[in-house]
Novice: 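Shown below is the structure under consideration.
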Amino acid sequence: MLQKFANIFKILTSCIFYQELANVAKYYYYEHALPLSKIQKGNGVVVHPSVNIHFGENISLENNVRIREHCTLFASKNSKITIGPDTGIGARTTLISINHRFIERKGFRKQESKEKDIVIENDVWIGQNCMILYG
């Protein structure tokens, strides 16, 4: 028992612990809190704190939308994600409105991106572990 307290004390007095804590806080701020503040939200919207959000200003959540843990909403600079009222999205689901084009024989980083809006209609249930792409 004394060894456990010694290990906890050692961790709490370690510089690495506080560096990692700062990294987690920074990640949460830039991947969740800041983009969430830019989303257009209706009444009764619940977004789990572990949801990753990109380009929140291009995301619209209507009334009574529920988004469970570890989801990703990845809008892009030139595309939007709109989720209609009374919609639920299960855990670990990803919505991505941008993708690489794979037309030429080049590496994916050299390919152009294609962006297109995603619209989820009213009263939709999307189960967990789904991948929703544009189109």
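Side chains included, hydrogens not; waters and symmetry mates left out as well; all remaining heavy atoms used.
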Novice: So which pairs with a foot in residues 5-24 pass side-chain hydrogen bond (donor to acceptor under 3.5 Å, both in side chains), sequence neighbours left out?
Specialist: Gln3-Asn7
Novice: Could you name each residue pair satisfying side-chain hydrogen bond (donor to acceptor under 3.5 Å, both in side chains) that touches residues 59-69, not counting sequence neighbours?
Specialist: Asn64-Asp86
Novice: Would one find more than 12 heavy atoms of other residues, nucleotides or ligands at under 6.0 Å from atom CG of Leu21?
Specialist: yes
Novice: Taking ring-ring contact (aromatic ring centres under 6.0 Å, His included) as the definition, give me every residue that meets it alongside Phe55, ordered by chain and number, with sequence neighbours left out.
Specialist: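 Testing Phe55 for ring-ring contact (aromatic ring centres under 6.0 Å, His included), a comparison that skips the adjacent residues, returns none.
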Novice: Going by the ring-ring contact (aromatic ring centres under 6.0 Å, His included) test, which pairs reach into residues 71-99, not counting sequence neighbours?
Specialist: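 The answer is His54-Phe74.
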Novice: If you look only at pairs with a residue in residues 32-52, which of them pass as a side-chain hydrogen bond (donor to acceptor under 3.5 Å, both in side chains), with sequence neighbours excluded?
Specialist: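 The answer is Tyr27-Asn52, His48-Ser50.
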Novice: Going by side-chain hydrogen bond (donor to acceptor under 3.5 Å, both in side chains), Ser76 matches just one of Lys116, Glu115, Lys114. Which one?
Specialist: Glu115
Novice: CG of Leu2 to CZ of Phe9: how many Å apart, nearest 0.5 Å?
Specialist: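 If I round to the nearest 0.5 Å, the distance is 12.0 Å.
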Novice: Does Ile118 sit in a hydrophobic cluster with other residues, and if so which ones, taking ILVMFWY side chains as linked at heavy-atom separations under 4.5 Å, directly or through other members?
Specialist: Leu36, Ile39, Val45, Val47, Val51, Ile53, Ile59, Leu61, Val65, Ile67, Leu73, Ile81, Ile83, Ile89, Leu95, Ile120, Val124, Ile126, Ile132, Tyr134
Novice: Return the minimal non-hydrogen interatomic distance between Tyr29 and Pro35, and the atom names on each side.
Specialist: O-CD, 3.8 Å
Novice: Excluding sequence neighbours, so at least two apart, what forms ring-ring contact (aromatic ring centres under 6.0 Å, His included) with Tyr30?
Specialist: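 By the ring-ring contact (aromatic ring centres under 6.0 Å, His included) rule, Tyr30 matches no residue at all.
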Novice: Can Val24 be reached from Leu34 by stepping across I, L, V, M, F, W or Y side chains whose heavy atoms are under 4.5 Å apart?
Specialist: no
Novice: Tell me the side-chain hydrogen bond (donor to acceptor under 3.5 Å, both in side chains) pairs involving residues 88-99, sequence neighbours left out?
Specialist: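 Every side-chain hydrogen bond (donor to acceptor under 3.5 Å, both in side chains) pair that includes a residue of residues 88-99, provided the two are not neighbours, is Ser79-Ser97, Arg92-Asn129.
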